[in-house]
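The structure under discussion appears below in the form of structure tokens.
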Amino acid sequence: MNNEIQKEKSDEVNQTDSNIRNVNLTEINHSDASKAEEKITEVTSTVSDDNKVVVKRNIKDCVFTDLFSNKKYLLELYLSLHPEDTGITEDDLTDITIENVLVNDLYNDLGFRVGDRLIILVEAQSTWSPNILIRSLLYVATTYQNYINERNLDVYSSTKISIPKPELYVIYTGEHKERPKEMILSEEFFPDTEDISLDVKVKMIYGDNEDDIIGQYVIFTKVYDEQRKLYGRTRKAIEETIRICKERNVLKEYLESREGEVVTMMMTLFDEEQIARNHDESIRREAAEKAAKREKEQAIANIITVYRQIDGPMDVAVQNVMQMYGYSEKDAIAIVQKYWDEVPVTININMPKND
């Protein structure tokens, strides 16, 4: 009878052990991995002659930011949006891009003010996402807050304050079946709501005019995509992109005057994506090891609980731990002794029924 009970309990231990081994480590580690990925700082770019050097994933955004940090090209961008405003000069434009002071701070691609009458925020995006509307809402709110703070405007005053008109744009360089002229927050996120207290409209730009600065930037991104498919994320892909664009008179003046800086921006020994993978893998490996240790200890505790419930001898539990988990006899004895007195015993008492 004892042998049958012991077999039944052993089967219970094995089943419990099997269930524990089916833990989804991806779910366990997802949160930690995401947090680590958010904390990764940008790596200083390095130029190398080795074509195997990896390129930063966001190289096109780096070029976008660098290109329009120059007032000459920023003015060209503004005039491509407002060709009628021919009286505007570089001195009328003020850079108000939100800076990324901390790693997880809010920041945008480009923001500039035209005098005190216009605030223009522009994002460069290669992946279609309605969430750009939410980000744009945060960008414009932060930009207005900065504007109000800089001028010490009193938003609690009974006198209406004066603020510049906002214009929000996305320069889209990716592939998408539809090409809407604009994206509207209420339509994307609250399509069934007639009355909404807040709305955001973002104008979409696809760079169809190859003669203006926006169209040329879009061509640059597409040339790079073609070269990346041929050469991977390497120096060769960058050099070919620059060569082809100069030959086609695409951002030629910018690329000739900033070629060294452009190559440096686009090159790095280890790009952010690779660093993210390294950190992610390190955290997953550490979490997997901890999970495996917890799994093993729980299974051993289950074995010990079973043997104590059936008054089984400790030496049999030791043998079981040695066979199932590959412990040496010395280590198996130590771990069984550790849990033998710590694991609580569940005692089932059958009370007589009342007549």
Side-chain angles (χ1 to χ4, degrees), residues 58 60-102 104-125 131-157 159-173 181-185 198-207 209 212-218 220-221 251 253-254 257-258 261 265:
N58 62 342
K60 291 175 289 187
D61 295 338
C62 290
V63 171
F64 179 87
T65 303
D66 184 68
L67 175 65
F68 295 115
S69 66
N70 187 317
K71 281 285 188 74
K72 170 183 170 65
Y73 303 119
L74 185 62
L75 179 59
E76 288 186 35
L77 171 63
Y78 173 70
L79 290 176
S80 68
L81 300 174
H82 288 279
E84 77 287 350
D85 205 355
T86 55
I88 290 295
T89 67
E90 294 178 16
D91 293 335
D92 296 314
L93 306 180
T94 303
D95 182 7
I96 55 171
T97 304
I98 303 169
E99 297 294 336
N100 183 18
V101 179
L102 300 176
N104 54 359
D105 268 0
L106 181 73
Y107 66 97
N108 60 340
D109 289 340
L110 176 65
F112 63 97
R113 182 166 41 81
V114 184
D116 278 328
R117 61 186 178 83
L118 271 182
I119 280 178
I120 296 180
L121 305 183
V122 186
E123 293 298 298
Q125 187 165 311
N131 295 328
I132 187 62
L133 289 162
I134 303 297
R135 299 204 306 273
S136 295
L137 172 63
L138 298 176
Y139 298 152
V140 75
T142 301
T143 301
Y144 272 131
Q145 183 178 36
N146 293 340
Y147 181 86
I148 289 168
N149 291 342
E150 288 170 2
R151 285 160 178 72
N152 294 316
L153 300 178
D154 185 3
V155 295
Y156 296 100
S157 170
T159 303
K160 182 174 66 176
I161 64 173
S162 178
I163 58 174
K165 171 189 171 184
E167 291 185 0
L168 310 179
Y169 298 90
V170 166
I171 298 176
Y172 185 70
T173 62
K181 293 182 179 180
E182 59 188 20
M183 296 176 67
I184 301 175
L185 185 139
L198 178 67
D199 214 348
V200 174
K201 179 171 67 176
V202 174
K203 297 179 181 179
M204 304 299 298
I205 303 174
Y206 301 97
N209 183 1
D212 68 24
I213 191 76
I214 297 176
Q216 293 199 9
Y217 169 74
V218 172
F220 169 83
T221 66
L251 300 181
E253 183 183 38
Y254 165 73
S257 64
R258 298 276 293 168
E261 290 84 355
M265 280 189 297

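Side chains included, hydrogens not; waters and symmetry mates left out as well; all remaining heavy atoms used.
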> For G207 and I214, which heavy atoms make the closest approach, and how far apart are they?
Replying inline: CA-CG2, 4.2 Å
> Would you say the side-chain atoms of N131 pair up with the backbone N or O of I134, donor to acceptor, closer than 3.5 Å?
Replying inline: no
> Between D92 and R117, is there a side-chain N and carboxylate O pair less than 4.0 Å apart?
Replying inline: no
>> Please enumerate all residues that pass side-chain contact (heavy atoms from CB on, under 4.5 Å) together with D154, with sequence neighbours excluded.
In response: Y156, S157
>> List the residues meeting ring pair (Phe, Tyr, Trp, His ring centres under 6.0 Å) with Y139, not counting sequence neighbours, and say none if there are none.
In response: none
>> Under a 3.5 Å distance rule, please check whether Q216 uses its side chain to pair with a backbone N or O of L251 as donor and acceptor.
In response: yes
> So, do M183 and I132 sit near enough that their side-chain heavy atoms are less than 4.5 Å apart?
Replying inline: yes
>> I'd like to know whether T173 forms a side chain to side chain contact (heavy atoms under 4.5 Å, CB included) with Y217, so could you lay out the CA-CA distance, the side-chain angles of the two residues, the decisive distance to 0.1 Å, and finally the verdict.
In response: CA-CA 9 Å; T173 62; Y217 169 74; 4.1 Å; yes
>> Does any part of the side chain of Y206, heavy atoms only, come nearer than 4.5 Å to the side chain of I171, both counted from C-beta?
In response: no
>> With heavy-atom distances below 4.5 Å as the criterion, would you say the side chains of I98 and T143 are in contact?
In response: yes
> Less than 4.5 Å apart, any side-chain heavy atom of L168 and any of K203?
Replying inline: no
>> So, using salt bridge (charged side-chain N to carboxylate O under 4.0 Å, His left out) as the criterion, who are the partners of R258 when residues are at least two apart?
In response: D66, E261
> Taking all non-hydrogen atoms of both residues, which atom of L137 and which atom of V140 are closest, and how far apart?
Replying inline: O-CG1, 3.3 Å
>> So, using ring pair (Phe, Tyr, Trp, His ring centres under 6.0 Å) as the criterion, who are the partners of Y169 when residues are at least two apart?
In response: none
>> Using the rule given for side chain to side chain contact (heavy atoms under 4.5 Å, CB included), can you reason through M204 versus K181, listing the C-alpha separation, both sets of side-chain angles and the distance that settles it, and then say yes or no?
In response: CA-CA 5 Å; M204 304 299 298; K181 293 182 179 180; over 6 Å; no
>> For a quick check under 3.5 Å, do T89 and D91 share a side-chain donor-acceptor pair by atom type?
In response: no
>> Applying the side chain to side chain contact (heavy atoms under 4.5 Å, CB included) criterion to L81, which one of I120, V114, L118 satisfies it?
In response: I120
> With a 4.5 Å limit on heavy-atom distance, are the side chains of L74 and L110 in contact?
Replying inline: yes
> Ignoring hydrogens and geometry, is there a side-chain-to-backbone donor-acceptor pair from D109 to A124 under 3.5 Å?
Replying inline: yes
>> Which residues pass the side-chain contact (heavy atoms from CB on, under 4.5 Å) test with I163, not counting sequence neighbours?
In response: Y144, Y147, I161
>> List the residues meeting side-chain hydrogen bond (donor to acceptor under 3.5 Å, both in side chains) with N108, not counting sequence neighbours, and say none if there are none.
In response: none
>> Quick test of your reading of the model: are R151 and D116 salt-bridged, counting only N-O distances below 4.0 Å?
In response: yes
> Is any side-chain heavy atom of E253 closer than 4.5 Å to a side-chain heavy atom of Y73?
Replying inline: yes
> Short question: side chain of E182, backbone of V202 - any donor-acceptor pair under 3.5 Å?
Replying inline: no
> Where do I213 and S80 come nearest, in terms of heavy atoms and distance?
Replying inline: CG2-OG, 4.5 Å
> Does K71 NZ have over 12 foreign heavy atoms under 6.0 Å away?
Replying inline: yes
> Is there side-chain contact between I88 and L93, with heavy atoms separated by less than 4.5 Å?
Replying inline: yes
>> Counting C-beta onward and ignoring hydrogens, is there a side-chain heavy-atom pair between F112 and T97 closer than 4.5 Å?
In response: no
> What's the spacing between I148 CD1 and Q145 CD if we round to 0.5 Å?
Replying inline: 7.5 Å
